[in-house]
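Quick notes on the structure that follows.
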Amino acid sequence: MKERFLMAGSVALHIADSGAAPEGQSEKKCVVLLHGYLESMYVWDDFVPLLKRDVRVITVDIPGHGISQVLGEKHTMEQMAGVVRDMLDALDIERCTLVGHSMGGYITLAFAALYPERLDGLVLLSSTPNPDTDLKRENRQREIDLVKAGKKDALARVAPEAGFAEQNRRRLKDYIDDLTECVHITEDDGIVALLGGMMERADQNEMLRKSSVPQLFIMGKKDPYIPLEVAEAIVASHPQAKVSWLAESGHMGFIEQPAECAAALLEFVQQA
């Protein structure tokens with residue numbers, strides 16, 4: 001993967017790209033991986049090698065996280081989808097499969113609503129088309145208040161470990177430690193901007209049901225953020241989507257069960 005900055009419209013964006021096919025070889029399908037809240041593109045480092053032989057892979061620091069720039073006081077999911085579109089334009093990529101983990105899934109949904117003609121498929125990885133509940137919005141506001149009060153350490157102590165199934169936490173402690181460090185180095189303004197955007201995101205259920213874009217849901221059966229009964233209800237309400245269950249995963253299935261996650265993703269991309 002070659003890391004670099006590019007201008008996505010007026011936005012300085014940090015990306016990594018496995019590269020287009022050499023001249024004379026047929027072009028591979030393209031997969032863009034969008035990370036979740038309090039993550040960066042480096043969260044995919046051990047997952048990308050499972051994909052890049054078969055597809056072109058692009059990872060990106062979503063503005064407000066990693067080392068991409070913060071754009072304002074609030075980053076709406078539609079605004080972030082526009083940045084992804086401008087990134088594809090800058091890379092001369094006409095179509096791709098978007099894979100969105102958690103918050104990245106919200107951006108993927110906004111992209112599908114705005115630019116469906118640019119998609120070969122969409123994958124929601126431990127994500128949901130549902131809007132925030134009132135309780136979830138209250139919790140996000142509480143996180144905003146913590147960050148503004150200089151208490152980001154409270155997020156770092158809890159959020160990274162909470163995403164993993166309890167049975168996997170000891171085995172994957174190094175990943176949890178890396179994610180904890182990622183929280184510490186993420187700009188406060190970026191955290192607040194993305195929390196604000198997630199709080200006001202739209203209900204995308206009807207859009208998904210009406211969409212002609214091929215869809216895959218990858219869900220962890222032990223996800224503490226999307227409990228099994230909630231995940232099953234989402235799946236039941238979207239018969240148009242393919243589904244892959246990760247039986248031993250929490251919210252971080254691409255780390256907890258990477259081989260199974262990659263196999264489901266590649267099968268979907270090749271069929272889409």
Could you pull out the closest heavy-atom pair between [X] and [Y], with the gap in Å?
{"X": "Ala12", "Y": "Phe5", "value": "C-CD2, 4.4 Å"}
{"X": "Pro129", "Y": "Leu109", "value": "CA-CD1, 3.6 Å"}
{"X": "Cys96", "Y": "Val32", "value": "SG-CG2, 3.9 Å"}
{"X": "Leu265", "Y": "Val123", "value": "CD1-CG2, 3.8 Å"}
{"X": "Leu38", "Y": "His65", "value": "N-NE2, 2.9 Å"}
{"X": "His75", "Y": "Pro63", "value": "ND1-O, 2.9 Å"}

* SB check Asp177 Lys173 (cutoff 4.0 Å) -> yes
* Asked: So, are Arg209 and Glu206 salt-bridged, with charged N and O less than 4.0 Å apart?
  -> yes
* side-chain contact (heavy atoms from CB on, under 4.5 Å) assessment of Asn205 paired with Asn130 -> CA-CA 7 Å; Asn205 283 283; Asn130 298 336; 2.9 Å; yes
* Please name the residue in the list Arg56, Arg4, Lys2, Lys28 that meets the salt bridge (charged side-chain N to carboxylate O under 4.0 Å, His left out) test with Asp17. => Arg56
Can any side-chain N or O of [X] pair as donor or acceptor with the backbone N or O of [Y] at less than 3.5 Å?
{"X": "Arg171", "Y": "Asn168", "answer": "no"}
{"X": "Ser211", "Y": "Met207", "answer": "no"}
{"X": "Arg201", "Y": "Ile107", "answer": "no"}
{"X": "Ser18", "Y": "Val57", "answer": "yes"}
{"X": "Ser126", "Y": "His251", "answer": "yes"}
{"X": "Glu256", "Y": "Ala165", "answer": "yes"}
{"X": "Arg118", "Y": "Ile93", "answer": "yes"}
{"X": "Gln204", "Y": "Ala202", "answer": "no"}
{"X": "Lys148", "Y": "Val192", "answer": "no"}
{"X": "Lys242", "Y": "Phe268", "answer": "no"}

Roughly how far, to the nearest 0.5 Å, is the [atom2] atom of [Y] from the [atom1] atom of [X]?
{"X": "Thr97", "Y": "Leu119", "atom1": "OG1", "atom2": "CG", "answer": "7.5 Å"}
{"X": "Ser244", "Y": "Leu216", "atom1": "OG", "atom2": "CG", "answer": "6.5 Å"}
{"X": "Asp61", "Y": "His14", "atom1": "CG", "atom2": "NE2", "answer": "5.5 Å"}
{"X": "Leu91", "Y": "Cys30", "atom1": "CG", "atom2": "SG", "answer": "8.0 Å"}

May I ask you to check whether over 12 heavy atoms, not counting those of [X], lie within 6.0 Å of atom [atom1]?
{"X": "Glu181", "atom1": "CD", "result": "yes"}
{"X": "Glu73", "atom1": "CD", "result": "no"}
{"X": "Glu187", "atom1": "CD", "result": "no"}

Under 3.5 Å side-chain donor-acceptor pair for [X] and [Y]:
{"X": "His101", "Y": "Glu39", "value": "yes"}
{"X": "Glu248", "Y": "Gln257", "value": "no"}
{"X": "Asp145", "Y": "Gln141", "value": "yes"}
{"X": "Asp178", "Y": "Tyr42", "value": "no"}

* To do: Determine, stepwise, if the pair Arg140 / Asp132 fulfils salt bridge (charged side-chain N to carboxylate O under 4.0 Å, His left out).
  => CA-CA 9 Å; Arg140 293 202 201 278; Asp132 273 359; 2.6 Å; yes
* **Working for side-chain contact (heavy atoms from CB on, under 4.5 Å), residues Arg137 and Asp134** => CA-CA 5 Å; Arg137 277 191 286 271; Asp134 289 343; 2.7 Å; yes
* Please test Tyr37 against Leu195 for side-chain contact (heavy atoms from CB on, under 4.5 Å), starting from the C-alpha separation and ending with a verdict. => CA-CA 8 Å; Tyr37 170 60; Leu195 281 168; 3.4 Å; yes
* Describe, in one word, how the ring planes of Phe111 and Tyr115 are oriented to each other, choosing from parallel (under 30°), tilted (30 to 60°) and perpendicular (over 60°). => perpendicular
* Phe47 vs Cys261 side-chain heavy atoms within contact, under 4.5 Å -> yes
* Considering only heavy atoms from C-beta outward, does the side chain of His238 approach that of Val243 to under 4.5 Å? -> no
* May I have the step-by-step check of side-chain contact (heavy atoms from CB on, under 4.5 Å) for Val11 and Asp86, ending in yes or no? => CA-CA 9 Å; Val11 179; Asp86 290 343; over 6 Å; no
* Qualifying residue, where the test is side chain to side chain contact (heavy atoms under 4.5 Å, CB included) with Leu33 and the options are Ile58, Val60, Val48 -> Val48
